[in-house]
Colleague: 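Below is a structure I'd like to ask you about.
Numbered from 1 within each chain, the chains take letters A, B, ... in sequence-line order.
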Amino acid sequence: MDKTYDPTLAEDNIYRMWEKGGYFTPKMPDKKALPAGRRAFSILLPLPNANDPMHMGHAMFVIQDIMIRYHRMLGDPTLWLPGGDHAGIETQFVFEKKLAKSGKSRFDFDRETLYRMIESFVEENKNINRNQMKRLGFSLDWTRYHYSLEPEIISIVLTTFRNMHADGLIYRDERLVNYCTKCGTSFSDLEIKHVEQIDPLYYMKYGPFVLATVRPETKFGDTAVAVHPKDKRYLRWVDKEIEVEGLIGKFTVKVIADSAIDPKFGTGVAKVTPAHDMTDFEIGKRHNLAIKQVIGFDGRLADAAGPYAGLKVKAAREKVATDLQTRGLIDHIDNNYTHTVGICYKCNTVLEPLPIPQWYVKTKPLAKPAIAAVKEGKTKIVPLKRFEKLYFRWLENITDWNISRQIVWGPRIPAWYCLDCNPTIRLTFLDKQGNKINGLYKDLQDRYSFEEIAKGLQNLMAPISATYTLYSRSCKTCRGSHVVQETDTFDTWFLSSQWPVTTLQVDNKKDFSYFYPTSVLDTMWDILFFWVARMMMMGLYKTGEVPFEAVHIHSRVVDAHGQKMSKSRGNVMDPIALVEKFGADALRFALVFGAAPGGDIAISEDKVRGMRNFANKLWNMARFIEMNIQTSQKFNFFENKNFESLQNNEEKQIINDLNKLTAHVTKCLDTYRFSDAAQALYDFAWHRVADVYLEKNKERFKMNEDQSLTVLLHVFHRILKLLHPFMPFITEELWNALPRKYDKPLIISSWPS
RNA sequence: GGGCUCAUAGCUCAGUUGGCUAGAGCGUUGCAUUGACAUUGCAAAGGUCCCAGGUUCAAAUCCUGGUGGGCCCACCA
């Protein structure tokens with residue numbers, strides 16, 4: 001053995017040996033034939049975006065590998081199932097950035113072409129993170145790898161959609177949606193980022209009133225003025241029509257009373273713009289107000305804004321404000337008004353609430369059983385009560401889920417519209433010459449053939465009244481074939497929320513019956529709502545059973561100063577670079593050591609180095625043992641025996657401590673206290689065995705005495721076993737380097753008790 | 001605006017239902033070391049456990065209030 005441990009030499013070979021041995025693929029004996037207390041154990045890897053290289057957050061999945069290796073050693077049929085996500089908007093966004101570098105944009109291509117381009121882009125990158133996970137030693141069953149866009153997986157997802165539609169859980173509706181005019185798509189409530197900002201609050205003269213608004217440019221879309229029903233100042237105006245002087249002429253609106261109006265805000269009077277404000281939209285529904293859209297999906301004012309048409313929202317606001325001022329229609333301006341606005345989490349553009357027909361999932365009926373399942377303990381959220389609270393609070397206040405995205409990257413919603421029956425469908429497509437055409441079908445059908453439209457199609461927008469059929473390429477009403485598929489694609493999370501079901505059902509039903517519900521879902525708190533809660537809802541809907549028995553919330557990896565890693569901070573660490581420098585085991589141990597569940601874990605190069613030193617310590621302990629052994633020596637192994645006959649006090653004591661350690665580590669692993677287990681192992685191996693026991697008894701070992709070496713070997717073997725889930729490579733390497741009783745790799749050796 | 005959470009050594013953090021003479025990693029200081037390992041060993045320094053009250057035989061741990069961070073949720077124009 002060399003003087004120091006070189007991980008780069010060992011790791012690759014060992015991983016290949018494991019893979020070749022098929023140890024990651026579970027044996028699935030009849031469940032009744034399993035020994036008492038043993039049962040199937042399964043974890044689904046939270047599927048990384050297929051086109052993303054690995055980051056520190058993924059490295060944290062080492063917690064799952066620890067559980068998986070532990071259960072494999074316990075003798076449980078153990079499955080850790082890997083996968084990759086097409087990651088809809090995320091991937092398309094990355095791809096569009098790439099396009100932008102070559103001076104192109106998504107709007108230069110029809111959807112078929114754009115889709116193919118993204119597809120091959122993902123295909124190029126798909127293997128990167130798979131190989132990286134192997135570098136970390138993850139014992140994933142690669143024979144069961146799945147990708148979210150496999151046709152069989154999509155087919156299961158679409159079946160869910162159809163069933164939900166039949167059950168009345170899917171519907172179309174036109175309401176205000178948070179829309180990013182830059183990314184060209186809507187988002188669900190969850191995806192909206194809120195930021196505080198200071199904007200001028202304009203107090204404008206409005207007929208007989210003065211009212212406060214930050215958005216004077218939406219004045220063209222006002223269809224009412226509202227006051228609080230109990231506001232005595234304005235009671236006499238309620239239900240009256242008032243005449244207002246506007247920038248493009250006088251108009252009349254009705255004064256309405258609605259309790260959504262806060263009498264204390266501004267002057268207690270608000271203009272109501274149902275097409276561009278969430279509150280106003282609700283008010284509009286209550287009072288049957290017209291919805292007058294004055295901002296388009298391109299973020300520019302529409303024709304209804306007269307001379308202001310074509311201006312972007314921000315420019316329009318400034319111009320409108322100035323013009324109002326020159327006309328003497330501004331009473332005063334509060335320049336220090338602080339409020340929060342919703343912005344796009346991808347590009348930070350202020351989101352525009354716009355009326356669009358979208359597909360929704362009715363969530364209340366789904367949330368109910370998901371809440372009950374956790375309350376009844378069918379799924380345990382560990383380790384912290386506070387995540388349960390979060391989970392309940394979100395599900396109890398859940399709003400319906402917008403699953404439409406106006407992007408190409410993902411499966412399209414399987415609804416077909418007949419253009420002949422729905423001539424007011426708005427179409428955007430590229431004609432044969434590549435010009436962008438936009439208009440209603442009834443205005444276009446004389447000039448363009450159906451085939452030309454269908455081929456160059458970028459987007460369609462069907463009015464909410466449009467009829468559609470699911471899964472049918474001919475119209476059921478007119479029997480015509482001028483049908484086009486909905487261009488909205490599914491929110492990625494609609495697919496990933498079904499992951500536990502799709503991945504286990506896709507190959508054969510046996511996996512599903514054997515491993516569902518899965519044992520643990522290990523993830524970080526940031527996708528508790530996005531993914532975990534939705535998997536609960538969808539899993540319960542599809543199977544009547546919870547998708548996992550426990551949810552473990554692992555730590556978030558932060559830098560040496562407790563700061564979140566981000567590109568803009570420039571403090572991102574590359575896990576693979578650390579593996580190359582210090583070895584996978586060192587990084588793995590560093591990620592676990594000192595990590596409190598649900599909290600933060602600080603990773604620095606110094607810390608990983610420290611853990612590399614620990615690996616080296618183990619190496620040298622083995623070297624010392626090897627030095628004192630003669631190759632011809634035959635050992636009387638005491639594995640799994642009590643050592644009750646030992647006379648030597650030192651030996652009795654170390655065996656006693658070793659057994660205590662074994663019980664402690666086992667208990668920690670059963671209760672998700674990975675850091676405690678790691679610290680106990682570190683402390684025992686280094687400070688109890690190496691520093692004390694070895695030093696004290698060096699002379700005896702050198703005498704090459706059979707018994708003392710047997711005890712030492714037993715202790716060391718035990719350490720390797722207990723440490724294996726944490727540091728799989730070096731433990732496997734050392735297991736192989738020393739004499740042992742069983743000729744099986746450590747990965748499938750039995751967990752000591 | 002509502003809620004959650006944190007505050008412990010120079011830094012990053014553990015501390016499981018109250019029993020601590022308060023720990024770890026990294027860092028610091030001194031000494032040692034051709035002998036498994038300088039990716040080492042021995043030793044040392046370093047903390048009014050944020051502040052003020054309270055409960056208790058006992059509080060870093062529980063309660064109340066305060067101060068200061070972090071986070072989540074939210075349609076007040």
Side-chain angles (χ1 to χ4, degrees), chain A residues 1-6 175-176 178 189-190 192 194 199 201-202 211-216 218 222 225-226 260-273 276-283 337 339-342 353 383-387 389-390 393-394 397 399 525-526 528-529 555-556 558-564 582-583 586 589-590 593-628 667-668 671-673 675-676 678-680 682-683 686-687 690-691 694-695 698 701-702:
Chain A
M1 288 172 80
D2 291 333
K3 205 167 171 184
T4 54
Y5 170 56
D6 182 358
R175 59 177 82 147
L176 289 203
N178 283 292
D189 298 344
L190 260 185
I192 298 152
H194 295 269
D199 280 309
L201 181 62
Y202 302 95
L211 58 78
T213 180
V214 283
R215 303 202 61 182
T218 62
D222 293 353
V225 167
I261 302 302
D262 178 359
K264 291 191 206 81
F265 185 90
T267 57
V269 184
K271 67 192 202 63
V272 183
T273 323
H276 299 294
D277 182 278
M278 299 286 183
T279 312
D280 293 4
F281 184 79
E282 294 302 319
I283 293 175
Y337 176 63
H339 65 149
T340 53
V341 294
L384 296 175
K385 280 268 178 279
R386 75 168 187 267
F387 291 111
K389 279 188 197 163
L390 271 181
R393 218 161 70 88
W394 188 69
N397 300 312
T399 53
W525 44 259
D526 62 341
L528 189 64
F529 306 144
S555 307
R556 179 178 66 163
V558 294
D559 76 3
H561 304 287
Q563 294 290 306
K564 187 182 168 180
F582 301 111
F589 217 67
F593 203 92
D600 288 348
I601 175 73
I603 290 292
S604 60
E605 221 179 275
D606 280 342
K607 183 170 181 188
V608 184
R609 181 183 299 113
M611 297 305 146
R612 187 272 319 264
N613 294 355
F614 175 56
N616 194 59
K617 191 71 188 179
L618 294 168
W619 180 261
N620 276 292
M621 286 167 76
R623 227 155 67 92
F624 174 79
I625 294 169
E626 189 199 39
M627 230 176 63
N628 290 295
K667 193 172 175 204
C668 285
T671 51
Y672 306 97
R673 283 156 51 203
S675 174
D676 289 353
Q679 298 209 30
Y682 180 99
D683 191 58
W686 199 324
H687 302 306
D691 289 351
L694 278 186
E695 292 297 333
K698 256 183 185 169
F701 298 134
K702 281 181 184 156

Colleague: If a protein heavy atom is under 4.0 Å from the base, mark B; if only from the sugar-phosphate, S; if neither, -; do that for nucleotides 3-10 of chain B going 5' to 3'.
Modeller: -SS-----
Colleague: Among A:I261, A:D277, A:D280, A:D222, find the one that has a side chain to side chain contact (heavy atoms under 4.5 Å, CB included) with A:V272.
Modeller: A:D280
Colleague: Using atom C1' of each nucleotide, how far apart are B:G46 and B:G70 to the nearest Å?
Modeller: 27 Å
Colleague: Please report the distance separating the C1' of B:A45 from the corresponding atom of B:U29, rounded so that it comes out in whole Å.
Modeller: 7 Å
Colleague: What pairs with A:L390 under side-chain contact (heavy atoms from CB on, under 4.5 Å), at least two apart in sequence or on another chain?
Modeller: A:F387, A:L528, A:F529
Colleague: Roughly how far apart, to the nearest Å, are B:U64 and B:G18 at atom P?
Modeller: 16 Å
Colleague: State which residues pass ring-ring contact (aromatic ring centres under 6.0 Å, His included) with A:F265; sequence neighbours excluded, sorted by chain then number.
Modeller: A:Y337
Colleague: Could you measure between the two P atoms, the one in B:C73 and the one in B:U61, and give it in whole Å?
Modeller: 31 Å
Colleague: With heavy atoms under 4.0 Å as the rule, sort A:D691 into base, sugar-phosphate or nothing.
Modeller: sugar-phosphate
Colleague: On a whole-Å scale, what distance lies between the C1' atoms belonging to B:A58 and B:U40?
Modeller: 43 Å
Colleague: With rounding to the closest Å, how many angstrom separate the C1' atoms on B:G23 and B:U16?
Modeller: 15 Å
Colleague: Tell me every residue that passes salt bridge (charged side-chain N to carboxylate O under 4.0 Å, His left out) with A:K607, counting only those two or more places apart in sequence or in another chain.
Modeller: none
Colleague: Between protein and nucleic acid, restricted to nucleotides 74-77 of chain B and to nitrogen or oxygen atoms under 3.5 Å apart, what atom pairs and distances do you find?
Modeller:
from  : atom 1 : to     : atom 2 : distance (Å)
B:C75 : O2'    : A:T279 : OG1    : 3.0
B:C75 : O2     : A:T279 : OG1    : 2.6
B:C76 : O2     : A:D262 : OD2    : 3.3
B:C76 : N3     : A:D262 : OD2    : 3.0
B:A77 : OP2    : A:Y337 : OH     : 2.6
B:A77 : N6     : A:D262 : O      : 2.7
B:A77 : N6     : A:F265 : O      : 2.9
B:A77 : N1     : A:D262 : N      : 3.2

Colleague: Can you name the residues that form a side-chain contact (heavy atoms from CB on, under 4.5 Å) with A:D683, not counting sequence neighbours?
Modeller: A:H687
Colleague: Would you list the protein and nucleotides 23-28 of chain B atom pairs, both N or O, that sit under 3.5 Å from each other?
Modeller:
from  : atom 1 : to     : atom 2 : distance (Å)
B:C26 : O2'    : A:D606 : OD2    : 3.4

Colleague: Considering only the P atoms, how many Å lie between B:U12 and B:G27, rounded to the nearest integer?
Modeller: 15 Å
Colleague: Rounding to the closest angstrom, what is the interatomic distance between B:C13 and B:C50 at atom P?
Modeller: 15 Å
Colleague: By side chain to side chain donor-acceptor pair (under 3.5 Å), which residues pair with A:R623, not counting sequence neighbours?
Modeller: A:N620
Colleague: Once the angle between the rings of A:F701 and A:F624 is folded into 0 to 90°, is it parallel (under 30°), tilted (30 to 60°) or perpendicular (over 60°)?
Modeller: perpendicular
Colleague: In terms of the nearest nucleotide of RNA chain B, which residue is placed more toward the 5' end: A:F614 or A:A560?
Modeller: A:A560
Colleague: In a table with atom names and distances, give each donor-acceptor pair under 3.5 Å that connects a side chain of residues 609-619 of chain A to protein atoms at least two apart or in another chain.
Modeller:
from   : atom 1 : to     : atom 2 : distance (Å)
A:R609 : NH1    : A:D606 : OD1    : 2.7
A:N616 : OD1    : A:Y5   : N      : 3.1
A:W619 : NE1    : A:D2   : O      : 2.8

Colleague: My understanding is that only residues two or more places apart in sequence, or in another chain, count here; which of them pass side-chain contact (heavy atoms from CB on, under 4.5 Å) with A:H194?
Modeller: A:I192
Colleague: Tell me what A:A690 touches on the nucleic acid: a base, only sugar-phosphate, or nothing, going by heavy atoms under 4.0 Å.
Modeller: base
Colleague: Looking at A:R612, I'd like to know whether one of its side-chain N or O atoms comes within less than 4.0 Å of OP1 or OP2 on B:U39.
Modeller: no
Colleague: Which nucleotide, B:U39, B:C13, B:A14, lies nearest any side-chain atom of A:D676?
Modeller: B:A14
Colleague: Got a sec, which residues hit side chain to side chain donor-acceptor pair (under 3.5 Å) with A:Q563, two or more places apart in sequence or on another chain?
Modeller: A:R569
Colleague: Can you name the side-chain contact (heavy atoms from CB on, under 4.5 Å) partners of A:R393, sequence neighbours left out?
Modeller: A:N397
